[in-house]
Asker: 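Sending over a structure as structure tokens; questions will come in a sec.
Along the sequence shown, the residues carry numbers beginning at 1. We use all heavy atoms of the structure for the numbers below, so side chains are in, but hydrogens, waters and symmetry mates are not. The shown structure was predicted, so the numbers you read here are calculated from the model rather than taken from an experiment.
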Amino acid sequence: MNLVYLSARDTYKIEREDKAGTGFVDFIFYPRNKAADCIILELKVDHTPEEAIRQIKDRDYALRFKGKLGEKREYTGRILAVGISYDKNSKNHACRIELLG
């Protein structure tokens with residue numbers, strides 16, 4: 001994760017374990033350019049990336065970018081849900097990216 005942080009820190013404000021929706025998201029990337037892509041990253045061990053994305057949706061983590069009802073959205077770019085999984089037995093990683101809005 002350090003490589004992700006180092007390569008994105010000039011473009012994004014990165015928060016770890018940030019309160020979002022109805023829980024705490026693993027990583028959330030707030031673009032410094034408000035029109036750029038917003039990224040919600042959920043990590044899973046011994047689960048699928050699809051389960052990570054389902055958690056992002058079920059817990060409404062994207063609300064951090066959508067703003068309050070009736071207010072103009074501060075972030076106008078796409079919202080990307082990124083699920084990354086790690087299988088302890090096979091030592092394999094898997095990733096899925098889905099457009100939320």
Side-chain angles (χ1 to χ4, degrees):
M1 289 309 306
N2 287 338
L3 182 59
V4 171
Y5 175 78
L6 291 174
S7 63
R9 67 181 174 184
D10 292 335
T11 309
Y12 290 91
K13 176 183 164 216
I14 304 166
E15 296 291 335
R16 184 168 190 242
E17 294 295 326
D18 199 19
K19 176 80 173 120
T22 60
F24 289 86
V25 63
D26 286 336
F27 288 91
I28 193 161
F29 293 72
Y30 297 93
R32 296 190 191 284
N33 171 353
K34 307 287 186 180
D37 290 343
C38 305
I39 301 170
I40 301 167
L41 174 64
E42 188 65 31
L43 306 171
K44 291 291 180 197
V45 175
D46 293 333
H47 292 277
T48 66
E50 290 79 14
E51 289 174 288
I53 289 177
R54 188 174 321 117
Q55 178 177 328
I56 290 169
K57 290 177 178 179
D58 289 348
R59 296 190 182 171
D60 238 350
Y61 293 158
L63 285 176
R64 296 295 271 164
F65 297 119
K66 292 181 178 176
K68 295 180 180 171
L69 193 60
E71 290 183 357
K72 185 178 175 187
R73 270 179 68 167
E74 179 180 359
Y75 296 95
T76 58
R78 300 179 304 173
I79 302 171
L80 304 176
V82 179
I84 299 176
S85 66
Y86 174 73
D87 185 297
K88 287 191 281 188
N89 293 325
S90 69
K91 308 287 190 236
N92 289 324
H93 291 87
C95 178
R96 180 175 171 140
I97 301 171
E98 190 172 313
L99 181 63
L100 296 180

Asker: If you compare all heavy atoms of F65 against all heavy atoms of P31, which two are closest, and at what distance to 0.1 Å?
Answerer: CE2-CD, 4.3 Å
Asker: Looking only at heavy atoms, which two atoms of E74 and K34 are closest? And how far apart?
Answerer: OE2-NZ, 2.7 Å
Asker: For the atom pair CD1 (I84) and CG (L43), what is the distance rounded to the nearest 0.5 Å?
Answerer: 5.5 Å
Asker: Please tell me whether Y86 and V82 are part of a single hydrophobic cluster in this structure, the criterion being side-chain heavy atoms less than 4.5 Å apart.
Answerer: no
Asker: Have Y30 and R64 got a donor and an acceptor in their side chains that come within less than 3.5 Å?
Answerer: yes
Asker: Check I56, D37, L100 against I79 for a side chain to side chain contact (heavy atoms under 4.5 Å, CB included) and give me the one that passes.
Answerer: L100
Asker: Pair up each side-chain donor or acceptor in residues 91-99 with any protein partner under 3.5 Å, not counting sequence neighbours, and list the distances.
Answerer:
unit_1	atom_1	unit_2	atom_2	d
K91	NZ	K88	O	2.9
N92	ND2	S90	OG	3.3
E98	OE2	K57	NZ	2.3

Asker: Kindly write out the residues that satisfy ring pair (Phe, Tyr, Trp, His ring centres under 6.0 Å) with F24, not counting sequence neighbours, or none if the list is empty.
Answerer: none
Asker: Before giving the answer on side-chain contact (heavy atoms from CB on, under 4.5 Å), spell out for F29 and L80 the whole-Å C-alpha distance, their side-chain angles and the decisive distance to 0.1 Å.
Answerer: CA-CA 10 Å; F29 293 72; L80 304 176; over 6 Å; no
Asker: For the residue pair I53 and E42, establish whether any side-chain heavy-atom pair is separated by less than 4.5 Å.
Answerer: no
Asker: Starting at OG1 of T11, measure out to CG of N33 and round the result to the nearest 0.5 Å.
Answerer: 9.5 Å
Asker: According to side chain to side chain contact (heavy atoms under 4.5 Å, CB included), who are the partners of T76, at least two apart in sequence or on a separate chain?
Answerer: A35
Asker: Within a 6.0 Å radius of atom CZ on R32, are there more than 12 heavy atoms belonging to other residues, nucleotides or ligands?
Answerer: yes
Asker: Provide the closest heavy-atom pair for P49 versus G83 in the form atom of the first, atom of the second, distance.
Answerer: CB-O, 3.3 Å
Asker: Is I39 close to I28 at the side-chain level, that is, under 4.5 Å between some pair of heavy atoms?
Answerer: no
Asker: Checking Y61 side chain against L41 main chain: does a donor-acceptor pair fall under 3.5 Å?
Answerer: no
Asker: How many angstroms lie between atom CZ of F27 and atom CD of E17, to the nearest 0.5 angstrom?
Answerer: 8.0 Å
Asker: For the pair Q55 (side chain) and A52 (backbone), establish whether a donor and an acceptor sit closer than 3.5 Å, ignoring hydrogens and angles.
Answerer: no
